[in-house]
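Below is one structure, written out as structure tokens; comments come after it.
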Amino acid sequence: MSHPVAVIGAGPFGLSTAAHLKARGIPVRVFGDPMVSWRDHMPAGMLLKSTPVASSIDAPQPGHRLADYCDAAGIKRLVTDEDIIPVETFIGYGEWFRDRLVPELEQVRVVSVDRHTAGGFELKLDSGELFTARAVVVATGLSSLAHLPAELAEAVPEGPAPTGPVSHSSQEHDLTRYAGKDLIVVGAGQSALETAALAAEAGAQVRVVSRGRGKVAFGAPPWKQPRLRPESPFGRAWSLWALSSYPHPYRHLPAAARHYLVRRVLGPLGAWWLRDRFQGKVQVSEVDRIVRADASEGSPRLTVRTLAGRPEDLSADHVIAATGYRVDIAAMDFLGHGLRTRLAVSRGTPRLGAGYVSSVPGLYFTGLPAAASYGPVMRFVCGTEFASPRLAAHLAASHGQTGAPGTGRG
Ligand SMILES: Cc1cc2nc3c(=O)[nH]c(=O)nc-3n(C[C@H](O)[C@H](O)[C@H](O)COP(=O)(O)OP(=O)(O)OC[C@H]3O[C@@H](n4cnc5c(N)ncnc54)[C@H](O)[C@@H]3O)c2cc1C
């Protein structure tokens, strides 16, 4: 069949996968808004938590690492663990990678994907075009997966929004809008803590509300990491090293263990460089849980249960829920009903086999939706190094394309 492969997504995973497929001589059509999650759904002025060594988008050819981009752009070479990457630099890197390796990217939305009666898949684009693809790679990343806990969602039946009483952190880009306002940020992960610090620096009075005692914490700086443990892209620890170096056996673990590890490994912990910008500038309320949220009088009020078990009300001008992302096939509404009902899933996530293929032959998932099968490394840019060559090799082998380049990573 001479139809192209459709890659849906133009973030780090979609661009990397497309580059690997192209290097094997496989015709591709690639769709998406390049680096949009980083440009529009993360705060301006953000710094990456991942270190330079863990922040390259994998390419089949040498010369496309973050350091190569720094050289080409004439900016300071970001290479050591102490070099911190501004989000604007990372966006520039992604766009440079796209220009060099995936210039044919089509900035259109895929509206639907269904199985084609004659084999392969039928895709509908928002330009109105219909076309047939021999295989489809879903690399839609964070899109449509923002998670708002039920107790916060109740307060905003019309949905979260920066202009309403409650928003999700993915909707916040310019935090200067909260200058002079009282702001509550719910969460204890890097996104919550950095959003809080940036808003405080912009002139907001900020309180972080987090569940559990001692959850607001920061990692050790590189020079204080234990030397006797192996290095991993996420810091020195045996568990992190194993999960990032050997994602292969992950999908054979029991489902409960896989889902637990994806949630917990590299869970809430602020970056080492954020501590000084946060402490003393942002208030912290550690609570047992948020019982309910109410915004019936315009501004939001959270009723929390304190660690001592007492109810307490916290009010603000606005609440930002930095409560993360949850993979749920049901939220990927571009996947046609027929496809979704045929997909084997585990707690809403697609069950993937070798080479990132789902239970529907020819339908692949990479990035965050693949984390329940290949481990927490898939939540991060460095996961492209493991995923992209393997996905491309599997797709080439299953679709009769044997002109593989020697990537040396079997
Ligand atoms: C605040 C925050 C900070 C982070 N910091 C780091 C960090 O420091 N280091 C790190 O490694 N990771 C970090 N991450 C995780 C990071 O976002 C992911 O690793 C990465 O973006 C995943 O890339 P992706 O290509 O899978 O998806 P995304 O970057 O989310 O890209 C999704 C792509 O899919 C496209 N798309 C979606 N739906 C459609 C459709 N229907 N049709 C066509 N195109 C579509 C979009 O246009 C976009 O191009 C952070 C995440 C957040 C939220």
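Just follow the structure's listing: the first ligand is 1, and inside any ligand the first atom is 1. Values below: all heavy atoms of this structure, side chains included; hydrogens, waters and symmetry mates excluded. Since we're looking at a predicted model, the values are computed, not measured.
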Rounded at 0.5 Å granularity, tell me how far OG1 in Thr341 sits from CD1 in Ile329. 11.5 Å

What part of Val36 sits under 4.0 Å from ligand 1 if we count only heavy atoms: the side chain, the backbone, both or neither? side chain

What part of Met42 sits under 4.0 Å from ligand 1 if we count only heavy atoms: the side chain, the backbone, both or neither? side chain

With Glu129 via salt bridge (Lys or Arg N to Asp or Glu O under 4.0 Å) - residues at least two apart: Arg29

Distance only, no hydrogens: is a donor on one side chain within 3.5 Å (strictly under) of an acceptor on the other, for Arg207 and Ser285? yes

Whether Arg379 side chain and Val262 backbone form a donor-acceptor pair below 3.5 Å: yes

Looking only at heavy atoms, is any part of Met46 under 4.0 Å from ligand 1, and if so is it the side chain, the backbone, or both, or is it neither? side chain

What distance separates Arg177 CZ from Leu183 CG, expressed to the nearest 0.5 Å? 11.0 Å

With atoms numbered from 1 as shown, which atoms in ligand 1 lie under 4.0 angstrom from a non-hydrogen atom of Val108? 43 (C)

Of the non-hydrogen atoms in Arg98 and Leu15, which two are nearest, and what is the gap between them? CG-CD2, 3.8 Å

Could you tell me the residue and atom name of the protein heavy atom closest to atom 27 (O) of ligand 1, and the distance to it rounded to 0.1 Å? Gly141 CA, 3.1 Å

What are the atoms of ligand 1, with element, lying closer than 4.0 Å to any heavy atom of Gly11? 25 (O), 29 (O), 31 (O), 33 (C), 49 (O)

Within-cut-off N or O pair, Leu142 and ligand 1, under 3.5 Å: yes

In Å, rounded to the nearest 0.5 Å, how long is the span from OH of Tyr374 to CG of Leu243? 14.5 Å

Hey, is Ala139 touching ligand 1 through its side chain, its backbone, both or neither, going by heavy atoms under 4.0 Å? backbone

If a pair satisfies ring pair (Phe, Tyr, Trp, His ring centres under 6.0 Å) and one of its residues is in residues 30-61, list it, with sequence neighbours excluded. Phe31-Phe131, Trp38-Phe90

Which protein heavy atom lies closest to atom 11 (O) of ligand 1, and at what distance to 0.1 Å? Val381 N, 2.8 Å

Of all the non-hydrogen atoms in the protein, which one sits nearest to atom 33 (C) of ligand 1, and at what distance? Ala10 N, 3.6 Å

Does only the side chain of Asp33 get under 4.0 Å from ligand 1, or the backbone, or both, or neither? Count heavy atoms. both

Between His147 and Asp328, do the side chains contain a donor N or O and an acceptor N or O under 3.5 Å apart? no

The option among Cys382, Ser170, Pro369, Gly9 carrying the non-hydrogen atom nearest to atom 35 (C) of ligand 1 is Gly9

Does the residue Pro12 have a heavy-atom contact with ligand 1, meaning some pair of atoms that are separated by less than 4.0 Å? yes

Of the protein's non-hydrogen atoms, which lies at the shortest distance from atom 44 (N) of ligand 1, and what is that distance? Gly32 CA, 3.4 Å

What protein heavy atom sits nearest atom 37 (C) of ligand 1, and how far away is it? Ser143 OG, 3.2 Å

Would you call the rings of Tyr325 and His168 parallel, tilted or perpendicular, taking 30° and 60° as the class edges? perpendicular

How far is atom 28 (P) of ligand 1 from the closest protein heavy atom, and which atom is that? Ser37 OG, 3.4 Å

Flag the pair Tyr356 / Arg251 as yes when at least one side-chain heavy-atom distance between them is below 4.5 Å, and no otherwise. no

Report the member of Ala370, Ser50, Ala271 with the shortest heavy-atom distance to atom 9 (N) of ligand 1. Ser50

For atom 16 (C) of ligand 1, which candidate among Phe380, Phe13, Trp38 provides the closest heavy atom? Trp38

Any Leu15 heavy atom less than 4.0 Å from ligand 1: no

Tyr325 near ligand 1 by a heavy-atom separation under 4.0 Å: yes

Please list the nearest protein heavy atom to atom 32 (C) of ligand 1 with its residue and the distance rounded to 0.1 Å. Thr140 O, 3.4 Å

Candidate pair Val102 and Glu104, rule side chain to side chain contact (heavy atoms under 4.5 Å, CB included), full reasoning: CA-CA 5 Å; Val102 198; Glu104 69 280 41; 3.9 Å; yes

So which heavy atom in the protein is nearest atom 19 (O) of ligand 1, and how far is it from that ligand atom? Arg379 O, 2.9 Å

Classify the angle between the aromatic ring planes of Tyr93 and Tyr69 as parallel (below 30°), tilted (30 to 60°) or perpendicular (above 60°). tilted

